[in-house]
Amino acid sequence: MRLSCLPLTTFKEVPAEAEVISHQLMLRAGLLRRLASGLFTWMPIGLRVLRKVEQVVREEMDRAGALELLMPAVQPAELWQETGRWDVYGNLLLRMRDRHEREFCFGPTHEEVITDIARRELKSYKQLPVNYYQIQTKFRDEIRPRFGLMRAREFLMKDAYSFHLDQASLNATYEAMAEAYARIFTRLGLGFRPVEADSGEIGGARSQEFHVLAESGEDAIAYCDADQFAANVEMAAALPPDTPRPAAGAAMERVSTPDTRSIADVAGFLGIPAEQCLKTLIVDAEDGGLIALVLRGDHELNTVKATALPGVSSPLSMASPERIQAALSCPPGFIGPVDLSVPVIADHSAAALADFACGANAVDWHLQGVNWGRDLPEPTTADLRNVVAGDPSPAGDGQLAIARGIEVGHIFQLGDKYSRSMQATVLDQAGKDVPMLMGCYGIGVSRIVAAAIEQNHDEHGIIWPEPMAPFQVILIELNPKKSAEVTAAAQAMYESLVTAGIDVLLDDRNARPGVKFADADLLGIPHRLTLGDRGLKAGAIEYRARRTGNEENIELNDVVKFLQTKVLAGAN
RNA sequence: CGGGGCAUGGCGCAGUCUGGUAGCGCAUCUGCUUUGGGAGCAGAGGGUCGGCGGUUCGAAUCCGUCUGCCCCGACCA
């Protein structure tokens, strides 16, 4: 492609609407334009990136034996009513009516449609397993679209759905998809991690998310390199400390602590570390009463774990200050587990403390030197907290670290949820109708593009991983108006690169060198060739790698060969 | 949906408090000079100041109302 034929407008300044770096850079580089909230136009160069990602996904899905098809974006309400999701899905579903007043939605996902296909097409166990996939535009009317492509309302997704006679077959395809996903993200040149995830409402046996690691990621991931453990922070178990509780060394003492409510205040006032304090949270109980959850001062409550506790109301709700005052005769901020009139559940780490400080259940008073078993009963213990860096790995070997990630893929086992409600059955060996088991496997194709930028950029712009770069090479022709020789040489070089099958962008615009260099950096094309009169005289062209900034001069005649080894080496 | 912020040429902003008929930088167009990291000079085009209503002799500016966009929370590829 010749840049002189492409109306490309790049910005020096960051558009005010963009908050995250990927969104900013895509707007500045002219890859993306916003139409409305959560709706974007992929401009020509941006679309090339999207297509390259799509192609890698497609190749690996094909290699894993999945079958590509394409379902309609618009879906009839009847299918969604069959599974009950027409009512459950709520406002995320964009609904519409046709001229006959029939109800439709713009598909946010395709379980219903694919299950309808499966029940019509698949009649015998002999046809199983089957794994169908598509790469298609989805629409989810997100409550709050944000961060550009990261949470757009309309987005490109690869969604796959597999059908099986039995669990063993489902497991096999699930594993095959996990491997295919790992290959996809590896081929795309992304730093990623598969993590154990909450299977949530769907209730399937297994679920894994694939996260691209980036500072700006929305999700916190706990992982351990020693034993390969990785899970969403919400999902990671915090093990009880393996060292026994120290012996009590201090006598319990009531201390006046005027106006010190927060852990930070208390720890500061008493001159002790936060991990020597207890934090007592009062939550509503299922039976209408209250329950006290006790954590170490430096730990955070994990709401997923807390909700799962017997007796705790679901969803979790913190008791109001009024209820606390009424039931305990003490405002929040001075509550503690000693002589507390409601049930106490302590986190393992909190239960392992000796000589700790906590609220005295009286305004402006705390207790110090408190010990379980002596000053108050041994508590019921449970895992209540989020894991923190340095915690032992639940998999048993090594310590956890915390990283941030962007979820770009999710695989899970659906079981018979949809096949049962939609009567998608096949005849088994015994000639009996049985509902098929299903798996489902998603990849956010457009989100990958944003995630790649979040992970790969510098102060000058994007640094595309080779396999998704819009072009492999940018050829900059310096001062085209000044020298006919340079122009001729650039054209000849461009032609020979194209002939060699190299994806090259020729910057033949009549612009100053600085503009071209800046745009090349902003666009993030991995390999840059610069042809100017200076080099031409010496019979050489300058090469520069976007990521490293390394430069070298290449003989004109060697350029194609040089790039083929360089570019192809990077692409596979 | 709750909370906060913003809306002025394509982009970034000033002007709003204290009403007097719109300005700066970038971008765009023309010419000349320049040309290895976002050039200089001279000129040009482009804005019903988000919409509607009100106050006023007069509204970007004050009042009301609606809309759009962005950020923080619960959801998700």
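Letters A, B, ... are given to chains in the order of the sequence lines, protein chains preceding strands, and every chain is numbered from 1.
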Salt bridge present between [X] and [Y] (N-O < 4.0 angstrom):
{"X": "A:Arg34", "Y": "A:Glu17", "value": "yes"}
{"X": "A:Glu542", "Y": "A:Arg528", "value": "yes"}
{"X": "A:Glu111", "Y": "A:Arg85", "value": "yes"}
{"X": "A:Glu59", "Y": "A:Arg187", "value": "yes"}
{"X": "A:Glu551", "Y": "A:Arg544", "value": "yes"}
{"X": "A:Arg153", "Y": "A:Asp141", "value": "yes"}
{"X": "A:Arg146", "Y": "A:Glu19", "value": "no"}
{"X": "A:Glu218", "Y": "A:Arg151", "value": "yes"}
{"X": "A:Glu60", "Y": "A:Arg183", "value": "yes"}

Checklist entry - Which one, B:C69, B:C72, B:C75, comes nearest to the side chain of A:Arg151? => result B:C75

Checklist entry - Of the candidate nucleotides B:A77, B:C11, B:C71, which contains the atom at the shortest distance from the side chain of A:Glu19? => result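 Minimum distance to the A:Glu19 side chain belongs to B:C71.
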
Item to check | OP1 or OP2 of B:G73 under 4.0 Å from side-chain N/O of A:Arg146 | outcome: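 It does, given that an N or O in the side chain of A:Arg146 lies less than 4.0 Å from OP1 or OP2 of B:G73.
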
Checklist entry - Is the phosphate of B:C11, meaning OP1 or OP2, less than 4.0 Å from a side-chain N or O of A:Thr9? => result no

Next on the checklist: Tell me every residue that passes ring-ring contact (aromatic ring centres under 6.0 Å, His included) with A:Phe192, counting only those two or more places apart in sequence or in another chain.
Outcome noted: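 With neighbours one apart ignored, the set is A:Phe185.
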
Atom-pair distance ([atom1] on [X]; [atom2] on [N]), nearest Å:
{"X": "A:Gln24", "N": "B:C70", "atom1": "CD", "atom2": "P", "result": "14 Å"}
{"X": "A:Asn232", "N": "B:C75", "atom1": "CG", "atom2": "P", "result": "12 Å"}
{"X": "A:Asn91", "N": "B:A74", "atom1": "CG", "atom2": "P", "result": "18 Å"}
{"X": "A:Gln208", "N": "B:A77", "atom1": "CD", "atom2": "P", "result": "14 Å"}
{"X": "A:His23", "N": "B:C70", "atom1": "NE2", "atom2": "P", "result": "8 Å"}
{"X": "A:Phe155", "N": "B:C76", "atom1": "CZ", "atom2": "C1'", "result": "8 Å"}
{"X": "A:Ile21", "N": "B:C71", "atom1": "CD1", "atom2": "P", "result": "14 Å"}
{"X": "A:Met150", "N": "B:C76", "atom1": "CE", "atom2": "P", "result": "18 Å"}

Item to check | Proximity to RNA chain B (any heavy atom under 4.0 Å), residues of residues 57-71 of chain A only | outcome: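 None, since no heavy atom is under 4.0 Å.
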
What N/O pairs connect the protein and nucleotides 30-33 of chain B at under 3.5 Å? Give each pair on its own line.
none

If the [atom1] atom of [N] is compared with that of [M], how far apart are they to the nearest Å?
{"N": "B:G47", "M": "B:C72", "atom1": "P", "answer": "36 Å"}
{"N": "B:G73", "M": "B:C17", "atom1": "C1'", "answer": "33 Å"}
{"N": "B:A59", "M": "B:U21", "atom1": "P", "answer": "12 Å"}
{"N": "B:G4", "M": "B:U65", "atom1": "P", "answer": "15 Å"}
{"N": "B:U28", "M": "B:C75", "atom1": "C1'", "answer": "43 Å"}
{"N": "B:G50", "M": "B:U61", "atom1": "C1'", "answer": "16 Å"}
{"N": "B:C6", "M": "B:G10", "atom1": "P", "answer": "22 Å"}
{"N": "B:U55", "M": "B:C70", "atom1": "C1'", "answer": "32 Å"}

How is [X] classified with respect to the nucleic acid when contacts are heavy atoms under 4.0 Å: base, sugar-phosphate, or nothing?
{"X": "A:Tyr89", "value": "nothing"}
{"X": "A:Ala16", "value": "sugar-phosphate"}
{"X": "A:Val445", "value": "nothing"}
{"X": "A:Ala152", "value": "base"}

Next on the checklist: Within the supplied structure, the quantity of interest is the number of heavy atoms (other residues, nucleotides, ligands) at a distance under 6.0 Å from A:Asn91 CG; does it exceed 12?
Outcome noted: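 Counting other residues, nucleotides and ligands, CG of A:Asn91 stays at 12 neighbours or fewer.
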
Next on the checklist: For A:Glu552, is the CD atom crowded, meaning more than 12 foreign heavy atoms sit under 6.0 Å from it?
Outcome noted: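 Atom CD in A:Glu552 is crowded, with more than 12 foreign heavy atoms closer than 6.0 Å.
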
Checklist entry - What about A:Tyr132 and A:His110, are their ring centers closer than 6.0 Å? => result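 So the answer is no for these two rings.
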
Item to check | Nucleic acid footprint by protein, nucleotides 36-43 of chain B - heavy-atom cut-off 4.0 Å, B for base, S for sugar-phosphate alone | outcome: BBBB----

Item to check | Under 4.0 Å protein heavy-atom contact, by nucleotide of nucleotides 1-9 of chain B - B base, S sugar-phosphate only | outcome: B--------

Look through every strand shown and name the nucleotide pairing with [N] as Watson-Crick or G-U wobble, where both distances are under 3.5 Å.
{"N": "B:C57", "value": "B:G20"}
{"N": "B:C49", "value": "none"}
{"N": "B:A39", "value": "B:U33"}
{"N": "B:G68", "value": "B:C6"}
{"N": "B:C75", "value": "none"}
{"N": "B:A44", "value": "B:U28"}

Item to check | Heavy-atom donor-acceptor pair, A:Thr173 side chain to A:Leu170 backbone, under 3.5 Å | outcome: no

Next on the checklist: Using modelled atom types and a 3.5 Å cut-off, is there a donor and acceptor pairing between side-chain atoms of A:Asn232 and backbone atoms of A:Met235?
Outcome noted: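 Absent.
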
Checklist entry - Mapping A:Val14 and A:Ala36 onto RNA chain B by nearest heavy atom, which one lands closer to the 5' end? => result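 The residue mapped nearer the 5' terminus is A:Val14.
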
Checklist entry - Given that A:Gly442 and A:Glu17 both sit by RNA chain B, which one's nearest nucleotide is further toward the 5' end? => result A:Glu17

Next on the checklist: With a 3.5 Å cut-off and heavy atoms only, can you find an N or O donor on one side and an acceptor on the other between the side chain of A:Arg153 and the base of B:C76?
Outcome noted: no

Only pairs under 3.5 Å count here: list side-chain donor-acceptor contacts from residues 514-527 of chain A, not counting sequence neighbours, and write none if there are none.
from: A:Lys516; atom 1: NZ; to: A:Glu477; atom 2: O; distance (Å): 2.6
from: A:Lys516; atom 1: NZ; to: A:Asp507; atom 2: O; distance (Å): 3.0
from: A:Lys516; atom 1: NZ; to: A:Arg509; atom 2: O; distance (Å): 2.7
from: A:Asp519; atom 1: OD1; to: A:Thr10; atom 2: OG1; distance (Å): 2.8
from: A:Asp519; atom 1: OD2; to: A:Arg509; atom 2: NH1; distance (Å): 3.2
from: A:Asp519; atom 1: OD2; to: A:Arg509; atom 2: NH2; distance (Å): 3.0
from: A:His527; atom 1: ND1; to: A:Tyr543; atom 2: OH; distance (Å): 2.5
from: A:His527; atom 1: NE2; to: A:Glu466; atom 2: OE1; distance (Å): 3.1
from: A:His527; atom 1: NE2; to: A:Glu466; atom 2: OE2; distance (Å): 2.9

Checklist entry - Parallel, tilted or perpendicular for A:Tyr174 and A:Tyr441, by the 30°/60° rule? => result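 The arrangement is tilted - the two ring planes meet at 30° to 60°.
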
